[in-house]
Trainee: 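My structure is below; once you've seen it, I'll send some questions.
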Amino acid sequence: MDVYDHRKIEVKWQKKWKEAGIYQPDLRKAKKPFFNLMMFPYPSAEGLHVGNMYAFTGADVYGRYQRMQGYDIFEPIGLDGFGIHSENYAISIGKHPAEQAKVSERRFYEQLSAIGNGFAWDQKLETYDPKYYKWTQWLFVQMFKHGLAVRKKAMVNWCPSCKTVLADEQVEGGRCERCGSETTRRETEQWFFKITEYAQRLLDNIDGTGKKKQETGNNGVIRTQFRPMPKGYDPRLVGLRWPEKIKIAQRNWIGKSEGTEIDWNYGKGRTITTFTTRLDTIFGVTFLVVAPEHPIVASLLNSKFKIQSSKLREVKSYIEGALKKTEQKRQAAEKEKTGVDSGLRGEHPLTGEPIPIWIAEFVLKDYGTGAVMGVPAHDQRDYEFASQHHLPIRKVIEVAGKSVADVAVTEYGTLVGSGLYDGYSSQEAMKGILRDLEAKKAGRKAVSYHLRDWLISRQRYWGPPIPMLFCQQCAKRGRTFKGGYLKGMAGWWPASEEELPVLLPEMSYENVRPAGDGKAPLEKAPESWLYTKCPQCGGRAKRETDVSDTFLDSSWYFLRYPSVNLKNSKHETRNGEISNRFEFRDSNFEIPWDQEVTRSWLPVDAYIGGAEHAVLHLLYSRFVTMALHDWDYLPFEEPFPFLFSHGLIIKDGAKMSKSRGNVVIPDDYINKFGSDTLRLYLMFLGPYDLGGDFQDTGIAGMYRFLTRVWKLYQDNSKLQLKNSKLGKNSNRDLERSLHRTIQKVTEDIGKFKFNTAIAFLMEFVNEWEDGGSLSREDCGSFLKLLAPFSPHISEELWQVIQQKEEAKASFSSIHVAEWPSFDEQLTQFKEVEIVVQVNGKLRGKFSVSAKDSENKEKLIALAREVKGVLPYVTAENPKAIIWVKGKLVNFVLS
RNA sequence: GGUCCGGUGGUGAAACUGGUAUACACGCAGCACUUAAAAUGCUGUCCCUUAUAAGAGGGGUGUGGGUUCGAAUCCCACCCGGACCACCA
């Protein structure tokens, strides 16, 4: 061994680690379990790009560091390969998704092996594996049984290219998140999960509802943000330890607003209800507006009201036009607020005045009550609407320095033109008006959420079939599942749990492709699959042909990991019996995870992933976990008490994507420089939470650094391998420097500040090269610090510096060695540099012993003598002398 | 339009809690080694003025103001870039 050759060592150690099982914790017996998890990857077209590798490496560095701190690290890996994304890719290259999945899987695992992460391979899982999706279906069945999975008609987003419906979260600015096509809207019957029932809890847990039990640092500064939550802490009390921006995104997505519902009578005891947060503007209402989908519109068209037929036609054509438009067009027309007068008049609950009721598409059916009161003077949208349709604008809030002209005045202020409330402040008036409305039973406090129910069904092939059956006979007789609380769901039965998984039927490539008529590909499945016995009446029942959303697959995978391939798994059934059976299709147990193992490994200790999942995956997972907790399947309700979100690696200023052609594949770099170098480079690029632009110019520098480290360990003048302890040798300064390095690297990795940790390692190497040698122990310490970043070279050199006999006797990896500790004494500098300022301006410096640097008189006396200050400072002139221990002296002259 | 980040050398970026701005690297330039190149090593590298030189002086963290003995850091206004959400009543 003489030249650094990454090709020789990387594969060698990867193999050895696997044999020795150093990354495979004993899931049953581990003493200090730590679940270190990176977000579930889905295989993209060409496999992993450096952006993915960046994400994985950071998480792995953190895991390795924690392992050396003595934790039993569980870092599993798997593949989220079911779903539209994988299916679209397969189809785009003319392949059957099932076939492509095998190819992607092999490629993916090969690449992952090459980057040298400490994965627990025994627990790998793939979402399209029937052993896995059996439980995804099981989860769906539980949702149904507990009344959280419902079928309802809804105006949904439709992607004409993917030919499926999409959840709101999957539509970005009117375009399909997956393929970028413009989406349209359709009314169809779909499966939903009622995530809205959990809106309040999802919101509350973000910040915690109990007294804050927070760790504080020396100055009361909260230091918790970047540290895992200790076992036993309850996020429900202390809140989630997540980056603030992710929490904000979730709060905004849940979008709670508190306001008032107001009933408007429009004749014969009929009322429509509006929702507002600005009750103080109620006297400024000059019209009401309902969404085109509002029930009042349907009854209007059924001619329950006497209105002119010309009016009716006008309303009809408006509604038809509005519903046909694509999201994109609706938005393009943002400035022009279309609408039509329904001819109906609502009665103002406080003044009795008749208020015209309009229909307009700017009002959303799903938010609040689907109807709003129009206050053009104090709401910008209402203002625009009123101007366009020549409706009166009535000012009722006076705000100093503001007047209603071209724009609405939306601030709080003082009421005018509001009868008894004239002169009141907005806040006071709101309280009074609410009381008035309550007295008249025409209004009440209400809360509205932006969050919508989770649209689960997809008219696609590549996903878990939704395990539901529909029986025509039962439907006719109005039989509903035993809870019976599911309105309009007569005839729907869940597949029995014994029957799971409902296997995805094999189908030809031609039939797998979405047909474009909105029908699911599974409609073309063989009859033997499509029809089965009704579990209720024994008649013929048809299977649901929609599959579930990919986000369902990934909403619970972390719960499964520790229980994958677990021997002798015990599952406690809910009546307390213990079952040992855990084989595929063996049905006599209830839940997909081992209770004991789940208790010791979950929730996830450190969850690391990209911020792009702030509202999708992270919200769904929280919801699912919460529901499972409520059904007594889990002892906790927050899956990820601690989350770190890393930045994005971009290339040429843009996110890596195939369509932009800027995808960088790690393979070539790994071949040329090795994964140790690439890992180091990626981690050095910038702060891990910010990401950065990938420019490969710097990568050679990292290789150079590793080569220099390699050379140091070949140079006997740098090593004192005979001494096991550093003694009275001449390298005291180097030793001090090493201890400072240990201190800083330890702190920085703990805070995910990988780039600065690496900088300190480099600084130390520079110093070491300049002179001095290190004891065996200290040589080892440095390698340990390097080990999380560049695991292979550290292992190689570690083995070399071990005494030969030891090394031969048994393999003891650096990656399970104990993290080095530092001597606080040694990290102190003997000499401290003191800065001398005059009026805050730097005028000179001097060195002083660490002890004297705390002595005020001494410091000031020395500072007066510094050459640079002599021209300025005399015995009398300083008005004040500012002195900071160990840092500076500042003479203030004026 | 809203919310949240961010703006520091030629480049990626450091700078704890307000206390030496530019650590660490990349790039570039010069030198050494070499027949030559690569590799490697050494030196220099924010800007301006001045000096033969060691050096000295001044300016400088998007712009303008403020607080302070002292501001990249805190406050206000503005400009620019990015991310996320967007007719949410």
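Numbered from 1 within each chain, the chains take letters A, B, ... in sequence-line order.
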Trainee: Report yes if the side chains of A:Leu685 and A:Ile649 come closer than 4.5 Å at any heavy-atom pair, otherwise no.
Mentor: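 They are in contact (side-chain heavy atoms under 4.5 Å apart), so the answer is yes.
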
Trainee: Can you run through RNA chain B from 5' to 3' and write each base as (, ), [, ], | or . depending on how it pairs? Watson-Crick or G-U wobble, both distances under 3.5 Å.
Mentor: (((((((..(((......[....)))((((((.......))))))(((((....)))))..(((((..]....))))))))))))....

Trainee: Where along residues 274-283 of chain A does a heavy atom fall under 4.0 Å from RNA chain B?
Mentor: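 Result for residues 274-283 of chain A: A:Phe275, A:Thr276, A:Thr277, sorted by number.
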
Trainee: A:Met702 near the nucleic acid: base, sugar-phosphate alone, or nothing, with a heavy-atom cut-off under 4.0 Å?
Mentor: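 Sugar-phosphate contact only.
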
Trainee: How is A:Gly368 classified with respect to the nucleic acid when contacts are heavy atoms under 4.0 Å: base, sugar-phosphate, or nothing?
Mentor: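 If one applies the 4.0 Å heavy-atom cut-off, A:Gly368 turns out to touch nothing in the nucleic acid.
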
Trainee: With nearest nucleotides of RNA chain B determined for A:Leu685 and A:Arg708 from heavy-atom distances, which residue corresponds to the more 5′ nucleotide?
Mentor: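 Closer to the 5' end of RNA chain B: A:Leu685.
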
Trainee: Check whether any side-chain heavy atom of A:Met373 lies under 4.5 Å from a side-chain heavy atom of A:Trp264, and answer yes or no.
Mentor: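 Heavy-atom side-chain distance check passes, below 4.5 Å.
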
Trainee: Just to be sure I understand the rule, does A:Arg251 reach a base, reach only the sugar-phosphate, or reach nothing, if contact means heavy atoms closer than 4.0 Å?
Mentor: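 If one applies the 4.0 Å heavy-atom cut-off, A:Arg251 turns out to touch nothing in the nucleic acid.
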
Trainee: Closest nucleotide of RNA chain B for A:Gly692 versus for A:Tyr367: which of these residues is on the 5' side?
Mentor: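 Its nearest nucleotide lies further toward 5', so the answer is A:Gly692.
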
Trainee: Mind checking whether A:His613 and A:Phe551 have parallel, tilted or perpendicular rings, split at 30° and 60°?
Mentor: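 Perpendicular, since the angle between the ring planes exceeds 60°.
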
Trainee: Do the non-hydrogen side-chain atoms of A:Ile254 and A:His450 ever get within less than 4.5 Å of each other?
Mentor: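 A side-chain contact is absent here, since even the closest heavy-atom pair is not under 4.5 Å.
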
Trainee: Could you tell me whether A:Asn890 contacts a base, only the sugar-phosphate backbone, or nothing, with contacts defined as non-hydrogen atoms closer than 4.0 Å?
Mentor: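 Base: the residue A:Asn890, judged by heavy atoms under 4.0 Å, touches a nucleobase.
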
Trainee: Need the glycosidic conformation of B:G9: syn if within 90° of 0, anti if not. Which one?
Mentor: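 Because its glycosidic torsion lies within 90° of 0, B:G9 adopts the syn conformation.
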
Trainee: I'd like to know if A:Gln380 reaches the base of B:G1 with its side chain, counting only an N/O donor and acceptor under 3.5 Å.
Mentor: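 No.
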
Trainee: Just call it for A:Asn766: base, sugar-phosphate, or nothing, with non-hydrogen atoms closer than 4.0 Å on any strand.
Mentor: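 Sugar-phosphate contact only - A:Asn766 comes under 4.0 Å of backbone atoms but never of a base.
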
